[in-house]
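Notes follow the structure.
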Protein chains: 4
Amino acid sequence: MSGERRPGRPRSEESRGAILAAALEGLREHGFAALTIEGIAGRAGVGKQTIYRWWPSKADVVLDALLDQAEETIRVPDEGSLRADLTAFLGATFRQTHQRPVLVGLMGQALLDPGFALAFRERFLFRRRGTLRELFDRAISRGEIAAGVDPELLVDVVYGVLWYRLMLDHAPLDGAASRQLTELVLRAVR
Amino acid sequence: MSGERRPGRPRSEESRGAILAAALEGLREHGFAALTIEGIAGRAGVGKQTIYRWWPSKADVVLDALLDQAEETIRVPDEGSLRADLTAFLGATFRQTHQRPVLVGLMGQALLDPGFALAFRERFLFRRRGTLRELFDRAISRGEIAAGVDPELLVDVVYGVLWYRLMLDHAPLDGAASRQLTELVLRAVR
Amino acid sequence: MSGERRPGRPRSEESRGAILAAALEGLREHGFAALTIEGIAGRAGVGKQTIYRWWPSKADVVLDALLDQAEETIRVPDEGSLRADLTAFLGATFRQTHQRPVLVGLMGQALLDPGFALAFRERFLFRRRGTLRELFDRAISRGEIAAGVDPELLVDVVYGVLWYRLMLDHAPLDGAASRQLTELVLRAVR
Amino acid sequence: MSGERRPGRPRSEESRGAILAAALEGLREHGFAALTIEGIAGRAGVGKQTIYRWWPSKADVVLDALLDQAEETIRVPDEGSLRADLTAFLGATFRQTHQRPVLVGLMGQALLDPGFALAFRERFLFRRRGTLRELFDRAISRGEIAAGVDPELLVDVVYGVLWYRLMLDHAPLDGAASRQLTELVLRAVR
DNA sequence: TACTAAGCGAGACGGTACGTCGAGTCTTCCG
DNA sequence: CGGAAGACTCGACGTACCGTCTCGCTTAGTA
């Protein structure tokens, strides 16, 4: 189907993998700001051009690496109630916050580079919003959310708190935080 | 005390002003990412060294410029009720979102540069949190907030939504948003 | 002899022609320095490998193109006297100086690349020397050249002046120059 | 006079010297073609920018190095006769042909790069021509050169043979060559 | 009619150097 | 001693070509 063969030497899957891996390694070792295309290329044993041929910036490489690795989007199985659903969702999400350096680096870049911001929104942020939104839609159809409560605002509240804490790093994102936030949302939708 | 006269030529107030002004101009014209120390110095008619002598990075210059200009911190006069207080606070805050490029640029830099993150938190973010916190403390003493509701989480909710929308730019930060958020918080604290 | 048929697809005469033509075009339009194998391949609608299979460098391509086109080596019919022979030879040679960019480019490359220098000497420069040398040998057998005059030095004088002017471009290579040089040589061999 | 002091840090004589020296070394070791700005900078312990600030290309660096070192232009003391003058001049000139790689490299570059060709002509080739021209002018005023002989052509003959042999490297540039060429010129000007 | 062998266009690959930009530092002279 | 000027080293940028390496396809001679 998408197996159409283009002429010329095909893209090297090996190089692609090496680049994404090198990006994540470099990021973990020295942080997003210290990451350079030249460094990634060197570590991956790859020419710079091979990176520039497929990605417009280091942020796009890292984004691909992130998506590649965490392919399994946050699952939202129907747990029967908003409380259960939210608890499961926040648990799964908070468990991923060891990714903090990656996430915070990408967001930093997005805030400084409007071009990358677009890709980051479309390919990451909005997709995650979508998952959470479904969860609230389900609660609405169950009658758990009072009329007049905008589910989009609820999404903003949950992800707002999440990102705000990720960025400021002034409060934990653990089980207790998860429970607190769940209760707050439940009170707010009555 | 601070009136002590150090030997040698005193710092030039003129240069300081020119630098802060040049930083803001450059930022407005080409964005935070395109801002450079060299560019600021050139525009301000100042040697690079003069900037490096007083600020560690371009972000610190911009932060100073921001604080210098918006010295009047968000006021929180006691309006008599949480609803009124919150409405006033959000109104005043949202009215400042024409500063979006500055705020978003500074946050972006903070996410990439831990050194600046420190300064940004202490001198800007935490101070703003403090203002909002006072407002909630007043509501607690009025008995408007149910026991068991952590006022810190409330602060995170309000600033979380604010920053999340500032960053994603997917929903407005206007009067309607202000009202919606106020109502949500009020429901959540009952 | 060379008619042996090797197995496999035979070399494409069409591609060979397209490559030589593209090389000359590119050379005329942007100069020798701006000529690249990649550019020639693109212009000729040919894969890079096809060029590398048959020529070691861009200079060799251009040399082939030059020899291909100006196959008719400078003729040296016996005109009966050294003066007549020289006049004819210089006339024919100088008439070819519209090739200046090609010649100068090839010489430039030869001066920088010893590998190509070899090919350039053998296939071009020394052949031309040979033609002129014959002319002087004829004059010697006619007794027009005094004993003790090294005909090789005479060749160097003629081609030396020719190349020196081609390279410096400070004096014309026209009919007058041709006559002047002829007279000088005649005086020098008495 | 030229001692006017410009503001700012003055150019580093140390760096200038290191760059010229590094250029000559690199040239001698690996040849002109293998010389790179990056290599020169590295060897000289200097930033690339410092080279680009003062020279437009590697050829200009090498030209400066050549002129710097061989500041003592070929001397042309009046020896009393054309034969003596020419012998002295050719002797001095031929004795410098250990510079062959430098000279040939510069000429090669000049033939490929019209921009550099200009500098090379003005600052090197034409100056040398001038020296030789003076020598012939002296001979004219002595009555040693027949009327109707263009001294410019004589210069072209001498430098033509010199450069032609430098480039083709097919015949020596030694004492014998010097004498042969002198005699040829003397015969040609009678 | 297949099979083998090479040439072909296309284009991705690992490299090297390019020329530029800005960082942060150093060195001059002037107020 | 602060400040404007501007040269310094350094590191990364994004680009251009190099010469090499697959791909699938074509074009021959051979079986």
Side-chain angles (χ1 to χ4, degrees), chain A residues 5-16 18 34-42 44-54 56-58, chain B residues 6-12 14-16 18 34-42 44-54 56-58, chain C residues 5-12 14-16 18 34-42 44-54 56-58, chain D residues 5-16 34-42 44-54 56-58:
Chain A
R5 267 253 158 264
R6 291 202 290 107
R9 180 176 178 174
R11 174 169 187 186
S12 158
E13 260 324 301
E14 199 174 347
S15 291
R16 181 177 178 277
L35 203 63
T36 67
I37 296 273
E38 218 145 59
I40 297 172
V46 139
K48 275 202 286 180
Q49 200 60 248
T50 301
I51 300 186
Y52 283 112
R53 206 185 331 268
W54 303 106
S57 78
K58 72 168 177 179
Chain B
R6 294 203 282 103
R9 180 174 175 176
R11 175 171 187 185
S12 157
E14 198 176 347
S15 291
R16 181 175 180 279
L35 205 62
T36 66
I37 296 273
E38 217 145 59
I40 296 172
V46 140
K48 278 206 286 179
Q49 198 60 253
T50 303
I51 300 186
Y52 281 112
R53 194 167 357 248
W54 303 106
S57 79
K58 73 166 176 177
Chain C
R5 267 253 157 264
R6 292 202 283 104
R9 181 175 177 176
R11 175 171 186 183
S12 158
E14 198 175 345
S15 291
R16 181 178 181 275
L35 205 62
T36 66
I37 296 274
E38 219 145 57
I40 296 172
V46 140
K48 278 204 289 178
Q49 198 60 253
T50 302
I51 300 185
Y52 281 112
R53 192 163 7 242
W54 305 106
S57 78
K58 72 166 179 179
Chain D
R5 267 253 159 264
R6 293 202 286 105
R9 180 175 177 175
R11 174 170 187 185
S12 158
E13 259 327 299
E14 199 174 346
S15 291
R16 180 177 179 277
L35 204 63
T36 66
I37 296 273
E38 218 146 59
I40 297 171
V46 139
K48 276 203 286 180
Q49 200 60 251
T50 301
I51 300 187
Y52 283 112
R53 205 185 333 269
W54 303 106
S57 78
K58 73 168 176 178

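Below, read A as the first sequence line, B as the second, and so on, with proteins coming before strands; counting in each chain starts at 1. This structure is a prediction, so every number in the text was calculated from the model and none was measured.
- Side chain of Lys58(A) to backbone of Leu35(A): a donor-acceptor contact under 3.5 angstrom is found.
- The side chain of Trp54(D) has dC8(F) as its nearest neighbour among dC8(F), dC8(E), dC18(F).
- Nearest-nucleotide positions on DNA chain F place Lys58(A) closer to the 5' end than the other of Lys58(A) and Pro56(C).
- In the set dG14(F), dC13(E), dC17(F), the nucleotide with an atom closest to the side chain of Ile37(A) is dG14(F).
- Of the candidate nucleotides dG14(E), dG7(E), dC18(E), dC18(E) has the atom lying nearest to any side-chain atom of Thr36(D).
- Gly39(C) comes within 4.0 angstrom of no nucleic acid atom, judged by non-hydrogen atoms across all strands.
- Rounded to whole Å, the distance from CD1 on Ile40(A) to P on dG14(E) is 14 Å.
- Residue Ser15(A) comes nearest to Thr50(A) through the heavy atom pair CB-CG2, 4.5 Å, listed as atom of the first residue, atom of the second, then distance.
- An OP1 or OP2 oxygen of dT9(F) is reached within less than 4.0 angstrom by a side-chain nitrogen or oxygen of Thr50(D).
- Comparing Ser12(A) and Ser57(D) along DNA chain E, the residue whose closest nucleotide (by nearest heavy atom) sits nearer the 5' end is Ser12(A).
- Distance CZ/Arg53(C) to CD1/Ile51(C): 11.0 Å, rounded to 0.5 Å.
- Rounding to whole angstrom units, CD of residue Glu38(C) and C1' of dC13(E) are separated by 12 Å.
- With hydrogens and angles left out, the side chain of Lys48(C) and the base of dG9(E) share no donor-acceptor pair within 3.5 Å.
- Distance Ile51(D) CD1 to dA7(F) C1': 14 Å, rounded to the nearest Å.
- Scanning both residues, Ser57(D) and Ile37(D), for their nearest heavy atoms gives C-CD1, 4.2 Å.
- Under the 6.0 Å distance and 45° angle rule, Arg11(C) counts as a cation-pi partner of Trp54(C).
- Taking both residues in full, the closest heavy atoms of Ala44(A) and Ala18(A) are given as CB-O, 3.5 Å, listed atom of the first, atom of the second, then distance.
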- Message: Can you build the contact string for nucleotides 26-31 of chain E? Use B for base contact, S for sugar-phosphate-only contact, and - for no protein heavy atom under 4.0 Å.
- Response: BBBS-B
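- A straight line from CZ of Arg53(D) to P of dC10(F) spans 13 Å, rounded to a whole angstrom.
- Ranked by how close their nearest DNA chain F nucleotide is to the 5' end, Ala44(B) and Glu13(D) are led by Ala44(B).
- Side-chain nitrogen and oxygen atoms of Ser15(D) include none within less than 4.0 Å of the OP1 or OP2 phosphate oxygen of dA7(F).
- Summarising the geometry, the separation between CD on Glu14(A) and C1' on dG14(E) is reported as 12 Å, rounded to the nearest angstrom.
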